[in-house]
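Right, one structure below, let's go through it.
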2 protein chains.
Amino acid sequence: MIKTSDEKYLRAIYHISLSEKHVKASLSELAYYMDLKPPTVFERLKILGDEKLIIYNKNKGIRLTKVGQKEALNVIRKHRIWETFLHKVCKFSWSEVHELAEKLQNINSEKLMDRIFVLSGEPKFDPHGDPIPDKWGVLPLTERRPLLNSVEGCKCIVLGVNEDGPDFLNYLTDLKIGLNEKLSVEKIFPFDGSLKVRFRQGEMAVLSPKVAEQIMVSCMKANCLCRQ
Amino acid sequence: MIKTSDEKYLRAIYHISLSEKHVKASLSELAYYMDLKPPTVFERLKILGDEKLIIYNKNKGIRLTKVGQKEALNVIRKHRIWETFLHKVCKFSWSEVHELAEKLQNINSEKLMDRIFVLSGEPKFDPHGDPIPDKWGVLPLTERRPLLNSVEGCKCIVLGVNEDGPDFLNYLTDLKIGLNEKLSVEKIFPFDGSLKVRFRQGEMAVLSPKVAEQIMVSCMKANCLCRQ
DNA sequence: ATTATTTATTAGGTATACCTAATTTTTTGT
DNA sequence: ACAAAAAATTAGGTATACCTAATAAATAAT
Ligand SMILES: [Mn+2]
Ligand SMILES: [Mn+2]
Ligand SMILES: [Mn+2]
Ligand SMILES: [Mn+2]
């Protein structure tokens with residue numbers, strides 16, 4: 001059976017590999033992401049390699065094997081189902097669920113996950129809009145882009161956020177922006193790319209590019225000029 | 001903050017101290033109960049002592065301090081709430097919940113426990129009939145005795161079991177005996193003290209003393225002659 | 001009261017999961 | 001091409017949580 005600690009590494013490697021363009025995760029990136037020191041990660045990678053969960057080629061970075069990827073997707077599944085359960089059933093705010101889910105995700109009981117999944121309404125997406133893999137590791141498809149890529153006049157819907165940190169999420173909550181909110185991009189300020197959006201009945205907010213980059217949306221009109 | 005590992009020790013010490021007559025728990029008993037070797041437990045007891053959670057006097061056994069007892073009752077509370085949640089909300093059988101609850105009990109979030117408690121119907125007793133301490137460590141009262149202490153003719157109700165092992169619980173389930181079942185003691189066989197009970201509409205079972213000792217009941221008639 | 005048995009303690013060892021400091025290797029910038 | 005910077009690796013250390021084997025102390029049995 002796979003160890004708790006393995007699961008953390010695999011999830012982290014999966015996230016890094018996926019983020020941005022690159023499929024390679026470097027040791028130092030991984031250490032930074034996991035808040036560990038490089039030597040700690042280094043020695044663990046050797047073990048994960050022996051367990052055939054990753055392939056670690058010097059200078060070529062870290063890659064998940066088939067098995068490793070399957071395990072990674074399984075932890076991600078557990079994590080996101082727990083987040084959804086905590087939010088939908090236990091009424092936690094979307095900014096609180098990540099931390100608790102990190103603890104819950106390491107429990108291994110398929111039967112328990114099945115029940116929690118059903119109690120949560122068989123969700124396809126978690127409270128941050130992230131897709132929940134099915135038991136076979138298949139992710140539901142979504143097409144989404146950062147709000148930052150919008151053109152003026154675009155009307156779009158918030159499908160997710162790329163950041164689980166409570167600071168970011170509480171900030172959005174404060175602005176009254178949540179999942180499935182419909183935004184209309186009123187103005188883009190050339191100076192720094194900040195964007196003014198309108199939503200609900202006349203609510204307004206000016207979002208910095210740093211914020212707009214983390215909000216994932218989908219255009220509501222076909223043939224919208226926004227960069228995907 | 002209290003460590004996961006501390007919680008296991010405290011719960012175990014609490015259980016041993018309480019079981020049977022004695023208030024002392026000996027090192028070897030504790031080691032046996034926790035399925036660890038005496039030297040392992042010995043070195044840990046020194047730490048628990050330093051943390052002022054227990055008082056360990058050589059040859060006089062292990063006693064919980066006020067703080068230690070409070071912590072013990074808190075783990076027990078978490079354990080039993082999770083068991084109830086798993087049984088009532090997630091529809092696990094009473095024989096499955098203990099193992100999973102052992103893993104869930106170490107998560108520390110009062111808010112989560114509050115929500116799970118409410119979802120489970122604010123229970124006073126867990127699926128094995130064990131009392132759930134409130135937040136202040138106060139246990140609901142119940143008066144109960146082993147079924148084994150019955151006299152012939154006694155009518156009683158099952159309020160709990162003293163054993164969480166799946167073998168025992170599945171055996172009872174098989175016999176169709178569960179919590180709140182009303183039993184009528186038809187006969188006690190002098191040879192070994194086995195007892196024949198009748199319940200539901202004419203269901204019958206002969207229970208060995210070993211089994212009857214683990215089933216906790218309360219007489220339904222006042223002035224019953226059963227030994228408390 | 002001795003001996004035998006049980007229980008507690010000490011000594012020393014392993015594995016995991018971390019760390020810092022030092023060194024080597026690779027990559028990058030000029 | 002070469003120095004500087006960044007990344008990877010090695011060396012050596014700590015703390016926790018376990019273990020076995022050996023010894024000491026306490027308790028029970030004759
Ligand atoms: Mn998360
Ligand atoms: Mn999420
Ligand atoms: Mn239990
Ligand atoms: Mn129980």
Side-chain angles (χ1 to χ4, degrees), chain A residues 1-13 16-17 19-64 68 71 75 102-103 105-108, chain B residues 1-13 16-17 19-64 68 71 75 102-103 105-108:
Chain A
M1 242 298 113
I2 193 157
K3 279 162 288 192
T4 287
S5 172
D6 283 348
E7 294 189 321
K8 295 211 174 109
Y9 275 84
L10 295 176
R11 193 163 80 96
I13 294 165
I16 294 174
S17 310
S19 71
E20 309 304 315
K21 29 242 128 224
H22 59 203
V23 181
K24 45 138 198 188
S26 79
L27 189 153
S28 46
E29 268 180 305
L30 181 57
Y32 179 78
Y33 182 85
M34 295 185 77
D35 205 13
L36 294 171
K37 303 295 166 185
T40 301
V41 173
F42 179 72
E43 73 182 1
R44 203 62 214 294
L45 289 184
K46 285 188 284 189
I47 296 166
L48 291 168
D50 292 346
E51 294 173 330
K52 306 255 185 276
L53 294 169
I54 61 164
I55 294 162
Y56 179 36
N57 280 322
K58 28 202 89 206
N59 323 323
K60 286 167 82 185
I62 307 154
R63 259 184 29 245
L64 293 169
E71 291 295 348
V75 208
E102 293 246 86
K103 298 177 196 167
Q105 75 187 357
N106 296 116
I107 290 169
N108 279 313
Chain B
M1 238 302 109
I2 193 157
K3 279 162 289 191
T4 287
S5 172
D6 282 349
E7 295 189 318
K8 294 211 175 110
Y9 275 85
L10 296 177
R11 193 164 79 96
I13 294 166
I16 293 174
S17 310
S19 71
E20 309 303 313
K21 30 242 129 227
H22 59 202
V23 181
K24 46 140 198 190
S26 78
L27 188 154
S28 46
E29 266 181 307
L30 181 56
Y32 178 77
Y33 182 85
M34 296 185 76
D35 207 11
L36 294 171
K37 302 297 169 184
T40 301
V41 172
F42 179 71
E43 72 182 2
R44 204 62 215 294
L45 288 184
K46 286 187 284 191
I47 297 167
L48 291 168
D50 292 347
E51 293 173 331
K52 306 258 185 271
L53 295 169
I54 62 164
I55 294 163
Y56 179 36
N57 279 321
K58 27 203 86 201
N59 322 321
K60 287 167 83 185
I62 307 154
R63 259 184 28 244
L64 293 169
E71 293 294 350
V75 206
E102 295 245 86
K103 299 177 195 166
Q105 76 185 1
N106 298 116
I107 289 169
N108 279 314

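Quick note: numbers below take in every heavy atom, side chains included, and nothing from hydrogens, waters or symmetry partners. Order of the sequence lines fixes the chain letters, A, B, ..., with proteins taken first and strands second; residue numbering starts at 1 for each chain. Since this is a predicted model, take the numbers as computed values, not measurements.
Nucleotide dT25(C) holds its P atom 16 Å from the CG atom of L27(A), rounded to whole Å. Protein atom CZ of F42(B) is 4 Å distant from nucleotide atom P of dT9(C), rounded to whole Å.
Looking at heavy-atom distances under 4.0 Å, L36(B) makes contact with sugar-phosphate atoms alone, never a base. Residue contacts for S28(A): at a heavy-atom cut-off of 4.0 Å it reaches the sugar-phosphate backbone alone, with no base atom in range.
Closest-nucleotide positions on DNA chain C for G61(B) and I47(A) were compared, and the one nearer the 5' end corresponds to G61(B). Annotation: of the two residues near DNA chain D, E43(A) and Y56(A), the 5′-most nearest-nucleotide partner is Y56(A). Of the residues near DNA chain C, K3(A) and K37(A), the one whose nearest nucleotide (by heavy atom distance) lies more toward the 5' end is K3(A).
Taking CD1 from I13(B) and CD from E71(B), the interatomic distance works out to 12.5 Å, rounded to the nearest 0.5 Å.
Across L10(A) and G68(A), no two heavy atoms sit closer than the pair CD1-O, 4.0 Å. Nearest heavy-atom pair, A31(A) versus K37(A), reported as atom, atom and distance to 0.1 Å: CB-C, 4.0 Å. The two residues I2(A) and N108(A) have their closest heavy-atom pair at O-ND2, 4.2 Å. Shown here for Y9(A) and V41(A), the closest heavy-atom pair between the two residues is OH-CA, 4.0 Å.
Contact footprint of chain B on DNA chain D: nucleotides with an atom under 4.0 Å from a non-hydrogen protein atom, first to last in 5' to 3' order, dA17(D) to dA26(D).
Side-chain atoms of R44(B) and K8(B), non-hydrogen and from C-beta on, never get closer than 4.5 Å to each other.
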